[in-house]
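First comes the structure, then the notes that go with it.
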Amino acid sequence: MASIQIVLPDNSIKEFDHEPTVLEVAQSIGPRLAKDTLGGIVNDQHSEVVDLRTQLKDGDHLKIVTLKDEESLEVIRHSAAHVMAQAVQELWPEVKVTIGPVIENGFYYDFDSPRAFTPEDLQQIEKKMEEILRRNEVVEREVWPVDQAVATFEKMGERFKVEIIKDLAREEGVKEVSVYRQGQWFDLCRGPHVQSLGQIKAVKVMSLAGSYWRGDEKNPQLQRVYATAFNDKKDLAEHLHNLEEAKKRDHRKLGKDLNLFTFHPLSPGGPFFTPKGTVIYNELQNFLREKYGKYGYQEVITPQLFDVDLYHQSGHYENYRENMYFSQIDERDFSFKPMNCPGHCLLYSADKKSYRDLPWRIADFGRLHRHERSGVMHGLNRVRTFCQDDAHIFCRVDQLQGEIESFMSMLREIYKQLNMQDYRVYLSTRPEKRMGSDQIWDQAEGALKMALEALKIPYQVNKGDGAFYGPKLDIMFVDVLKRPWQLGTLQCDFNMPEAFELAYVSEDNQEERPVMLHRAILGSFERFIGVYLEHTAGHLPTWLSPVQVRVLNLTDRQNDYCAQLLQQLQEAGLRAEWDDRREKLGFKIRQAQMEKVPYMLVVGDREMEEKKVTIRLRSGQSLEARDFGVFLQAVRQEVLLRQFNSEIT
RNA sequence: GCCCAUGUGGCUCAGGGGUAGAGCACACCCUUGGUAAGGGUGAGGUCGUGAGUUCGAGUCUCACCAUGGGCUCCA
């Protein structure tokens, strides 16, 4: 018999007289390894883990996955999802199962239950899961013909499973399906799964939520139980700790604690920025204005309210009405603008444009209103009124690449200055349903690609994910907690210029249609402030801090000196305060710390006599006393240059 | 919009049928204090809104409003 060779990561070869499973290979290496085996990675395919019961072929490269490997989490969690489903059905046999996939930090299972689960039920589920894990049952894989599977699940009343199997048979022509059995309980599943349930060391049921069968509102509503599983108790504890940390830097909490913004029931989704929050808002706007100057943009102001006819022309009424606010005045229908582009098109055609006017880059900090569905609002991240750092560029097709490059450079510059170094770029290309000729799409997609390549910016292609009116770039910012946020975007638009019959006169005196680029870097000020607060945990750079310097006196003997300092700080354009309350230094420091004031100037008799200040940073570090003028210069410089980190040490 | 949870002074929360509590913040007084809370006194709430049950409702029931977790992850 021909021998079957399996290649291990160190390039050693194991030989078999038949096609072995992953587990058999592990057994051939050693019993300890076999015991710990959770799956395998075959031929290094995107580190996708296959079931340990998978049969290997001659010449396969195999990496055995054990508890020690990151990849094992997927297997553990997948099996833990089955354990949860089993636990729920042991507790409430009438509950039907649907699906239970692994997600980013855990897994969930969607149940069809006649009774809504309660928070107490979650604890019960967790207890039952632990009980099942202790039984340490062996997990077995069985392969059933479709007919048998349908009949079995039908008899059990598991209608969702039946639907899944029938769909698989119909859409993918599947003839048989795999079933995993643990003791009496079994579930239809592709795998991979553990050898025995005792290999799952740490589980935690997290939360409860509503969901819909196959994610569609029209389908029956299911109950989703979120949970997670880890390789050991320590990792689980660490994960829970990280969640606590994320909670601490939740922008809604910081917004309250730092007194930056608030909400009122009379304007759901309508944030109020306090004086302090408004400082951040305006500073960001000024920051962008400075960049606009550098990159050749002109700022414009356009109306808030438009006759609905505008939105018929732009197509928003037909496609976006659900999200718009309307108002009738003098028997005429108006709508609040949900975006700036239609207004900008009107402004574009207010006068005759020549090719010499292009590219025409106009920026607008106009307020937008979008009627988001009531259940989707979330702090500053999703609101109903907001302001984008929006701009539109009208240009010729052959100018596209240059404009895209310029945009990406500007984005890179801004993100770098804000210490947002980690971001990903996605290029979405033509969808099935689209407008415009293939030639225009070729040009636009080509321009996007060439611009990214010219700047050596790595990107991923989302094939077919573009808008019907043009391809786009989406920029996902990844924050310090590794969470992605979509902030920046650049979209090519062939539709709007068409709808508004925009034109320019070319060199040879022909009327030509410009291309329109929609672009934003921060997204919206609202969302950006939310994201940035979480990214920095509220430790905003000095130039964005509502209070930049606070003077703290020890006794009222220093009052005159402190008043002088305050005046000089304010005259230098800094946002400075003097805490002149008759409180102890420790108390004043505590307060300034909690407000995350970047610089605390401690002034006692010593400082006063030597005309110095002692600086305390919000990091807790205390610096030695120095000349006030030197400090003032340094802070001014830091603010002027909008530095992220303090140079004062 | 849908499912579940929550809503008590500015903030964080306790109280679960007999008519409102704490800490912080706030005001005043004492304390002049060297790097994250000195002490005292006081003011402040028709307990999200509306209806119902009850002799009596923050407390139980229902409706509404708002907020929070989700509704994208597909055997």
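The structure presented is a predicted model; accordingly, all values stated were derived computationally and were not measured. All chains are named by letter (A, B, ...) in the order of the sequence lines, taking the proteins before the strands, and each is independently numbered beginning at 1.
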Thinking salt bridges, do A/K161 and A/D187 make one under a 4.0 Å N-O criterion?
yes
Measuring only the P atom in each nucleotide, how far is B/A25 from B/U41? A whole number of Å is fine.
16 Å
Taking only the side-chain heavy atoms of A/R582 (C-beta and beyond), determine which of B/A36, B/U32, B/G70 contains the nearest atom.
B/U32
Between A/E94 and A/R115 (salt bridge meaning N to carboxylate O under 4.0 Å), is one present in this structure?
no
Take A/S211 and A/G620, find for each the nucleotide of RNA chain B with the closest heavy atom, and name the residue whose nucleotide sits nearer the 5' end.
A/G620
Within the 4.0 Å heavy-atom criterion, would you say A/K588 contacts the bases, only the backbone, or no part of the nucleic acid?
nothing
Any idea which of B/C71, B/G38, B/A75 is nearest the A/F587 side chain?
B/G38
Out of B/A75, B/A36, B/C26, which has the shortest distance to the side chain of A/R581?
B/C26
Any side-chain donor paired with an acceptor under 3.5 Å for A/E158 and A/Q89?
yes
Check: A/E607 side chain, B/G34 base, donor-acceptor under 3.5 Å:
yes
Among B/U32, B/A75, B/C71, which nucleotide has an atom closest to any side-chain atom of A/D556?
B/U32
Name the nucleic acid region contacted by A/S178, choosing base, sugar-phosphate or nothing; use a 4.0 angstrom heavy-atom cut-off, strictly under.
base
Base, sugar-phosphate alone, or nothing: which one does A/I164 contact when heavy atoms must sit under 4.0 Å apart?
sugar-phosphate
Spacing between A/Y108 atom OH and B/C74 atom P, to the nearest angstrom
7 Å
Of the candidate nucleotides B/U35, B/G69, B/U32, which contains the atom at the shortest distance from the side chain of A/R557?
B/U32
Give A/G215 one of three labels, base, sugar-phosphate or nothing, depending on what nucleic acid heavy atoms sit under 4.0 Å from its own.
base
Please encode protein proximity along nucleotides 63-68 of chain B as a string of B, S and -, counting only heavy-atom distances under 4.0 Å.
---SSS
Between atom CD1 in A/I103 and atom P in B/C73, what is the gap in whole Å?
10 Å
Between A/D474 and A/R424, does any NZ, NE, NH1 or NH2 come within less than 4.0 Å of an OD or OE carboxylate oxygen?
no
For A/L222 and B/A75, give me the distance from atom CG to atom C1', rounded to whole Å.
15 Å
Identify which nucleotide among B/A75, B/C74, B/U35 has an atom closest to any side-chain atom of A/P101, counting heavy atoms from C-beta outward.
B/C74
Taking 4.0 angstrom as the limit, do A/K166 and A/E171 come out as a salt bridge?
no
Should A/Q486 and A/F477 count as side-chain neighbours, where that means a heavy-atom distance under 4.5 Å?
no
Looking only at side-chain atoms of A/Y226, point me to the closest of B/A36, B/C73, B/G1.
B/C73
Please determine, for the side chain of A/L585, which listed nucleotide (B/U35, B/G33, B/A75) has the closest atom?
B/U35
What form does the base of B/G10 take, syn (within 90° of 0) or anti?
anti
Hey, can you tell me if A/H316 and A/Y320 have their rings parallel, tilted or perpendicular (30° and 60° cut-offs)?
perpendicular
Judged by whether its glycosidic angle lies within 90° of 0, B/G48 is anti
A/A209 side-chain proximity, nearest of B/C2, B/A36, B/G69
B/G69
Once you apply a heavy-atom cut-off of 4.0 Å, does A/N553 come out as touching a base, just sugar-phosphate, or nothing?
nothing
Side chain of A/R224 - closest among B/U35, B/G33, B/C71
B/C71
Report yes if some heavy atom in the side chain of A/D605 is under 4.5 Å from a heavy atom in the side chain of A/R557; otherwise report no.
yes
Quick check: do A/V139 and A/L197 have side-chain heavy atoms less than 4.5 Å from each other?
yes
Polar side-chain contact A/Y212-B/C2 base: donor and acceptor under 3.5 Å
yes
Note on RNA chain B: ranges paired as stems (three or more Watson-Crick/G-U pairs in a row, both atom distances under 3.5 Å) are B:1-7 with B:65-71, B:10-13 with B:21-24, B:26-30 with B:38-42, B:48-52 with B:60-64
Are any of the side-chain nitrogens in A/R181 or A/E137 under 4.0 Å away from the carboxylate oxygens of its partner?
no
Categorize A/V376 for me: base, sugar-phosphate, or nothing, with a 4.0 angstrom heavy-atom threshold over every strand shown.
base
C1' atoms of B/C71 and B/A22, separation to the nearest Å:
39 Å
